[in-house]
**Q** 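Input: one structure, supplied below.
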Amino acid sequence: MTKPTREKWEKEFSRWFDWILEEAELYDYGRYPVKGMGVWRPYGFQIRRRIIELIREILDKRGHEEVLFPILIPELLLRKEKEHVKGFEDEVYWVTHGGLEPLDVKLALRPTSETSITYMETFWLKSYRQLPKKYYQVVSIFRYETKATRPLIRLREVTTFKEAHTVHDTFEDAERQVLEAIESYKEFFDRLGIPYLISRRPEWDKFAGALYTIAFDTIMPDGRTLQIGTAHNLGQNFTKAFDFKIQLADESLDYPWQTSYGISDRVVATIVSLHGDDNGLVLPPNIAPVQVVVIPIPARTDEDKRLVKEFLSSVVNVLEELKLRYRVDDREELRPGAKFYYWDARGVPIRIEVGAREAKEGKVTLVRRDTLEKEQVSLEELATKIVELMDDIFNNIKDRAWEHLRKRVLRTSNIEEAKEWISARRGVVEIPWCGREECAVHLEDELEAKALGSPWPLEKAGDEDTCPVCGRKAITWMRYAKSY
Ligand code: 5CA
Ligand code: ZN
């Protein structure tokens with residue numbers, strides 16, 4: 001495949017995205033003979049694993065407990081909560097046979113797990129003393145998506161679905177939990193350098209079965225938004241549907257309150273897309289499978305070869321001591337240039353080049369992946385320099401990504417201006433909003449964009465701000481964008 005650039009236009013970005021998944025051997029999509037399902041290859045798998053470790057760390061420290069539920073949900077359970085099943089009905093894969101026998105009870109491949117988890121909670125949780133309870137699992141879910149499927153972005157098997165499910169004795173405590181979930185996700189995305197907008201989804205676009213949904217969206221290089229995480233206040237909808245009651249402090253019995261929140265493979269898609277450049281991936285050092293690659297430059301004379309080899313082992317000692325994930329690429333069959341290309345595509349944060357000249361001077365050449373800047377560093381300074389550089393690289397790619405996002409958000413009450421912004425694929429517009437669905441739907445049509453919701457935490461519109469559709473006083477803003 002010829003190398004496309006990742007710049008602005010949808011077509012190019014899409015091609016760049018497909019190219020890098022293949023070039024960096026992350027994820028094989030399209031060859032596996034089931035639509036919407038892909039294969040994690042070893043390099044991609046390692047990135048995915050570190051992302052999962054990060055979310056585990058963040059949830060565990062806030063008192064979540066990891067569980068693992070069966071993949072199959074009996075039809076009856078899935079149908080208990082009416083809004084929920086309405087939302088998912090046309091996306092469920094059903095298992096109808098065991099071998100040649102038709103099953104008595106149809107079994108759903110879980111599209112998410114509110115129903116199966118609530119069902120088991122009715123046996124486990126009896127008293128307010130056990131609450132709050134916070135479970136999570138990292139599993140595959142299945143959704144028969146009808147919108148265009150895309151690798152990592154819209155899958156039919158979502159293989160990196162982290163879903164958290166919590167139970168509370170009061171509405172207020174569930175509200176507090178939603179805030180905690182938002183804090184957890186902020187920390188998670190911040191530690192990956194992924195910028196986001198937080199919106200309260202419109203009433204008509206909340207999670208099926210929720211009271212309301214708070215969503216994290218990011219803006220991809222083609223100007224389209226991608227929902228990368230959601231937190232839902234489920235109220236008592238599921239606990240009532242399952243007749244799940246607990247004993248409260250005053251001895252009365254009542255339905256507990258729930259929340260749920262999830263992220264997916266889309267997190268990997270955003271790391272790839274937002275930090276990457278024309279040469280390929282640019283990985284945050286904390287999740288890079290290889291943090292430093294050492295490339296020996298072939299020497300001509302035997303004496304020089306010996307020198308390089310010796311110097312190389314001192315360099316390796318430094319990396320060992322720093323406990324870094326490093327690789328010495330001493331493949332004979334590849335020229336240094338080909339190795340640079342190979343590791344650049346894989347996003348390795350730091351490259352060290354060691355040749356005879358460097359060995360003689362007791363120095364190495366360091367190249368940082370984010371800017372491709374080079375510098376010479378002595379062996380003595382190497383350890384400090386690498387530690388500094390990893391921090392620098394992370395901060396730089398994070399700042400860069402945030403700057404891009406900020407530049408892509410336009411606040412305006414001028415519909416023509418908004419239209420232009422959207423049609424030129426610039427990103428998101430924020431338009432004063434009176435709070436009425438019909439005005440938002442009208443603008444969705446006019447802008448040919450989706451209403452993402454209002455800024456969270458709620459931002460009150462100014463006294464002079466009016467809804468450009470109906471002229472009423474605006475309460476807040478509504479965000480619109482082309483979205484995945
Ligand atoms: N049970 C709740 C909380 S885990 C739930 O399922 N919420 S969700 O439907 O909003 O999904 C959580 C997140 O998964 C979404 O915010 C989105 O980032 C991601 N996601 C949803 N569907 C897909 C899909 N088909 N492919 C990739 N990611 C998806
Ligand atoms: Zn209006």
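Every number for a ligand or one of its atoms is a count from 1 in the order of the listing. The figures that follow rest on heavy atoms only: side chains count, while hydrogens, waters and symmetry mates do not. In this chain, residues are counted from 1 in sequence order.
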**Q** Report the residue from H168, E175, K206 that forms a side chain to side chain donor-acceptor pair (under 3.5 Å) with N233.
**A**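 With N233 as partner, H168, E175, K206 yield a single side chain to side chain donor-acceptor pair (under 3.5 Å), made by E175.
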**Q** Relative to atom 1 (N) of ligand 1, which among D265, T230, T112 owns the nearest non-hydrogen atom?
**A** T112
**Q** Hey, is I153 touching ligand 1 through its side chain, its backbone, both or neither, going by heavy atoms under 4.0 Å?
**A**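 Under 4.0 Å from ligand 1, I153 contributes backbone atoms alone.
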**Q** Among all protein heavy atoms in this structure, tell me which lies nearest to atom 15 (C) of ligand 1, with the distance rounded to 0.1 Å.
**A** Q227 NE2, 3.2 Å
**Q** Would R49 and F45 count as a cation-pi pair here, with the cationic atom under 6.0 angstrom from the ring centre and within 45° of the axis?
**A** no
**Q** With a 4.0 Å cut-off, would you call E83 and K86 a salt bridge?
**A**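 Looking at K86 together with E83, the answer is yes, because their closest N to O distance falls below 4.0 Å.
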**Q** Which atoms of ligand 1 sit under 4.0 Å from any heavy atom of E114?
**A**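 Listed by number with element: 1 (N), 2 (C).
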**Q** Just need the protein heavy atom nearest to atom 7 (N) of ligand 1, so name the residue and atom and give the distance.
**A** H232 NE2, 3.0 Å
**Q** Which of parallel (below 30°), tilted (30 to 60°) and perpendicular (above 60°) describes Y27 and Y29?
**A**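 Parallel, since the angle between the ring planes stays under 30°.
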**Q** Which residues pass the ring pair (Phe, Tyr, Trp, His ring centres under 6.0 Å) test with Y135, sequence neighbours left out?
**A** W124
**Q** Can you check whether R143 has an N/O within less than 3.5 Å of an N/O in ligand 1?
**A**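 Yes.
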**Q** For the CZ atom on R426, are there more than 12 heavy atoms of other groups (residues, nucleotides or ligands in this structure) within a distance under 6.0 Å?
**A** no
**Q** Out of all atoms in ligand 1, which are within 4.0 Å of some heavy atom of E145? Include the element for each.
**A**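 That gives atoms 22 (N), 24 (C), 25 (N) of ligand 1.
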**Q** Yes or no: does F216 have any heavy atom under 4.0 Å from an atom of ligand 1?
**A**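 Judged by the 4.0 Å heavy-atom criterion, F216 does not count as contacting ligand 1.
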**Q** Take the angle between the ring planes of W16 and F13 and call it parallel below 30°, perpendicular above 60°, tilted in between.
**A**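 Plane angle under 30°, so parallel.
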**Q** Tell me whether L155 reaches ligand 1 (any heavy atom closer than 4.0 angstrom to a ligand atom).
**A** yes
**Q** Would S264 count as a polar contact of ligand 1, with the cut-off being nitrogen or oxygen pairs under 3.5 Å?
**A** yes
**Q** Is it true that R479 and E430 make a salt bridge, defined as a side-chain N closer than 4.0 Å to a carboxylate O?
**A** yes
**Q** Taking E183 first and then K186, would you say they form a salt bridge - that is, a charged N and a carboxylate O separated by under 4.0 Å?
**A** yes
**Q** Considering the heavy atoms of I228, write down every atom of ligand 1 situated less than 4.0 Å from one of them.
**A** 18 (O)
**Q** Taking the six-membered ring of Y212, is the NZ or CZ of R201 close enough (under 6.0 Å from the centre) and on axis enough (within 45°)?
**A**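 Negative - R201 is either too far from the ring of Y212 or too far off its axis.
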**Q** In the protein, what heavy atom is nearest to atom 14 (O) of ligand 1, and what distance, to one decimal place, separates them?
**A** F161 CE1, 3.5 Å
**Q** Once you restrict to heavy atoms under 4.0 Å, what part of R156 touches ligand 1? Side chain, backbone, both or neither.
**A** neither
**Q** Are any of the N/O atoms on R154, whether in the backbone or the side chain, positioned under 3.5 angstrom from an N/O atom of ligand 1?
**A** no
**Q** Answer yes if the side chains of T159 and W40 hold a donor-acceptor pair under 3.5 Å, and no otherwise.
**A** yes
**Q** Considering only heavy atoms, does R266 approach ligand 1 within less than 4.0 Å through its side chain, its backbone, both, or neither?
**A**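 Within the 4.0 Å criterion, R266 contacts ligand 1 through side-chain atoms alone.
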**Q** Using a strict 4.0 Å cut-off to heavy atoms of V158, name the atoms of ligand 1 that fall inside it.
**A** 23 (C), 24 (C), 25 (N), 26 (N), 27 (C)
**Q** Identify the closest protein heavy atom to atom 5 (C) of ligand 1: which residue and atom is it, and at what distance?
**A**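 Residue, atom and distance for the closest contact: F207 CE1, 3.4 Å.
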**Q** Y261 versus ligand 1: do any nitrogen or oxygen atoms come within less than 3.5 Å of each other?
**A** no
**Q** Would one find an N or O of S113, backbone or side chain, under 3.5 Å from an N or O of ligand 1?
**A** no
**Q** In this structure, which one of T239, D173, L248, L125 forms a side-chain contact (heavy atoms from CB on, under 4.5 Å) with P256?
**A**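 Exactly one option meets the side-chain contact (heavy atoms from CB on, under 4.5 Å) with P256, and it is T239.
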**Q** Have a look at ligand 1 and work out which part of T213, if any, has a heavy atom under 4.0 Å from it: side chain, backbone, both or neither.
**A**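 Neither; nothing of T213 gets under 4.0 Å from ligand 1.
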